[in-house]
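As the structure is a computational prediction, the values presented were derived from the model and not from experiment.
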Amino acid sequence: MKVSEFRLTVHERGVTETWTPDVPRHLIDGRELVCHEAVPGVLWWTKGKGAILCDGIATDQETFGYLLNLSGPHAGRLSVNRNELLDYDEEWAEQIWAEGTDSLTHWPELDMGWLWELEQNSLPTARTVGRILRGRGMRVPLSDKDSSVLDLDALGWFHPDSTIVGLGNWSRKESAEAIKPWRKAVLTEQGITVHGSAIPASTLLPPPEPGTADLIAKTNGGWPALVSHACTTSIPLDELLLSSRRLRPASPALAPPPIRALHPDWVPDLIDDIVVQSLSGVASPRLRRKSLPTKETTHSQLVRASFRTGESLGSLVKRCARFAPFGMQPIEVASHHMDYVCTAEDVGLIHGESDDSPPLPPQIDLFHFWHRASLLNIPSGEFISRFSKFSWLGWSLPEPPDEQSWTSLTGQLVELIQTYLCGDEPDSPHIGWEVSLIHAGRMGIPFIEAEKEVADAATALRVSYFPRPTGSLDRGHIIPSSALGDFLWELDGIKVHSVDLIDLLSCGPKDPDELRDLVAELSAGKSPRRTMSTWP
């Protein structure tokens, strides 16, 4: 119980507690905080933690700086056990904050430290209060430990200032460095002593409002972060961009992304946000710079966005067109997917085991197909047939492989060929005979047999195979040792004919006898350097 409508006295285990009507008893860590009445029976401002109450009883919703008592038609909706506040009238709460703002002008506890904490912990409240206090010429003490009085209209409301004056710590290091000269100049003009460089043109910048700090942080995250910020704060996107441009004189790092004109008053919704964050490769609220789709990339993340939102691919592509001013490339929807809502199976097809995994790259080769088809245990023909339906999202697909040769592939062979794949041009991949030597040693089979298996696998994967030198056919029936196979595999791409003592010492067996046998096998009695030309 925080607030009682009537005088209430409770006796329990020899302890007596009394509540005076409409006077809060607000205990934090055993200490009672003094509350300043703002709206009788409904809203009180307080130093430190607050709470949202329902008929005077604290809910699970903690706040900073105020107690809000929901009652009557605005009592809110509680869980069955009455421990959790499930819903309440937020528009009404905003009206109450606005109604109670005037009381702050004669609250002895008000200081800039409280205002900064309110912005950090309850931005909607701070925005409401800031809108009403703006232009009143209020002078506010810096903190309860520093009696310096600051002009709120000139200083603005900007919680990173608390870091500069030593009252807090802003975690956005990159943004903090960008704004320091500007804010140090403003604080110096207010009579606050700060150390470090300042920019004299600080007066050319508009005083910041509650939320400016978050906007700066989002600007550093690129325009996808601005879209997310507009969605979260319900602020029109063009308004956010205008605010960002006004801050540009403080630092080049604060410059917003260059764009053409946006539709005025457009506030992106949650589905817009999911689409943009999916396409930018951001799967969590922690936003960061990412390049967005161009002609060289895919819109493949729309498959995941469709599954998560229940929206059709056609609807999502239409939404993408709204972001053309940011440089997003338009695409045309395949007719068979215009009204199609993606399923979990589609997400698995595109992303594999986890829908947080990246999709297949724009230029797909048979290695990509083999790994994904094997992972999903789908025959190659079926996999490519299903995947080709999504190719309009930006993929370039290879010709389907021969099914018979495809089914003979093993994971070990595919991994081996992919590891030793060579070729400067994407259309001319090739491997050499050393791959067969590794395969023979690892499998314990004759070299000539291993070479056939590797060559057949290379053909199935459309990779050229360069066979062993023609003058060494007599050695084709030799079975390399497993030590040799393991050793060459550890080299992981080093040309086999360039093996030397350094490679032996770093990748070879640690046992002296095994090392001696390996040297003999490699060199046939000659120096280890450049001896693999004798194989096989």
**OP:** Taking salt bridge (charged side-chain N to carboxylate O under 4.0 Å, His left out) as the test, write out the residues that go with Arg134, two or more places apart.
**Re:** Glu209
Subject >> Heavy-atom pair of closest approach, residues Pro206 and Trp182 >> reply: O-CZ2, 4.1 Å
Original post:
Nearest 0.5 Å, what's the CG-CD1 distance between Leu167 and Ile164?
Top reply: 11.5 Å
Original post:
Ser306 side chain to Cys342 main-chain N or O, any donor-acceptor pair under 3.5 Å?
Top reply: yes
Original post:
Under 3.5 Å, side chain of Trp157 to main-chain N/O of Leu115, donor-acceptor pair present?
Top reply: yes
Original post:
Regarding Trp45 and Ser103, is there a side-chain donor-to-acceptor distance under 3.5 Å anywhere?
Top reply: yes
Subject >> From Thr163, Thr188, Asp161, residue fulfilling side-chain hydrogen bond (donor to acceptor under 3.5 Å, both in side chains) relative to Arg183 >> reply: Asp161
**OP:** Taking side-chain contact (heavy atoms from CB on, under 4.5 Å) as the test, write out the residues that go with Thr105, two or more places apart.
**Re:** Leu133, Arg136, Met138
**OP:** Report yes or no: does Ser162 contribute a side-chain atom to a donor-acceptor pair with the main-chain N or O of His159 at less than 3.5 Å?
**Re:** yes
Subject >> Flag, side chain of Glu117 to backbone of Phe64, donor-acceptor distance under 3.5 Å >> reply: no
**OP:** Considering non-hydrogen atoms only, spot the tightest contact between Cys54 and Ala75 and give its length.
**Re:** SG-O, 2.7 Å
Original post:
When you look at Trp266 and Phe323, which way does the ring-ring contact (aromatic ring centres under 6.0 Å, His included) test go after all the steps?
Top reply: CA-CA 11 Å; Trp266 171 39; Phe323 298 98; 5.2 Å; yes
Subject >> Closest non-hydrogen atom pair between Leu237 and Ala230, with its separation >> reply: CD1-CB, 3.9 Å
Subject >> Donor-acceptor under 3.5 Å (Thr101 side chain, Trp97 main chain) >> reply: yes
**OP:** Just grab all the side-chain hydrogen bond (donor to acceptor under 3.5 Å, both in side chains) pairs involving residues 335-347, residues at least two apart or on different chains.
**Re:** His337-Trp392, Tyr340-Asp346, Thr343-Glu345, Thr343-Asp346
**OP:** Please identify each residue that fulfils side-chain contact (heavy atoms from CB on, under 4.5 Å) with Ser243, with sequence neighbours left out.
**Re:** Leu215
Original post:
Under the ring-ring contact (aromatic ring centres under 6.0 Å, His included) criterion, do Trp116 and Phe158 qualify, and how do the steps go?
Top reply: CA-CA 7 Å; Trp116 290 330; Phe158 193 63; 9.3 Å; no
Subject >> Residue pairs involving residues 311-324 (criterion side-chain hydrogen bond (donor to acceptor under 3.5 Å, both in side chains); sequence neighbours excluded) >> reply: Asp269-Arg319, Asp272-Arg319, Asp272-Arg322, Glu311-Ser315
Original post:
With no hydrogens and no angle check, is any side-chain donor or acceptor of Lys47 less than 3.5 Å from a backbone partner on Glu109?
Top reply: yes
Original post:
Just by modelled atom types, is the His74 backbone N or O under 3.5 Å from a matching donor or acceptor in the Asp89 side chain?
Top reply: no
Subject >> Check: His368 side chain, Asp365 main-chain N or O, donor-acceptor pair, under 3.5 Å >> reply: yes
**OP:** Using the side chain to side chain contact (heavy atoms under 4.5 Å, CB included) rule, pick out the option among Thr59, Leu68, Asn69 that qualifies with Leu53.
**Re:** Asn69
Original post:
Which heavy-atom pair separates Leu349 from Leu376 by the least distance, and what is that distance?
Top reply: CA-CD1, 3.8 Å
**OP:** Before giving the answer on side-chain contact (heavy atoms from CB on, under 4.5 Å), spell out for Leu150 and Val140 the whole-Å C-alpha distance, their side-chain angles and the decisive distance to 0.1 Å.
**Re:** CA-CA 5 Å; Leu150 293 80; Val140 182; 5.7 Å; no
**OP:** Kindly give the heavy-atom pair with the smallest separation between Gly310 and Val341, and that separation in Å.
**Re:** O-CG2, 3.7 Å
Original post:
So, does Glu119 use its side chain to make a donor-acceptor pair with the main chain of Gly211 at under 3.5 Å?
Top reply: yes
Original post:
Counting distance only, does the side-chain N/O of Ser391 pair as donor-acceptor with the main-chain N or O of Phe387 below 3.5 Å?
Top reply: no
Subject >> Which residues share a side chain to side chain donor-acceptor pair (under 3.5 Å) with Ser122, sequence neighbours left out >> reply: Thr125
Original post:
Which atoms form the tightest heavy-atom contact between Pro208 and Leu155, and what is the distance?
Top reply: CD-O, 3.7 Å
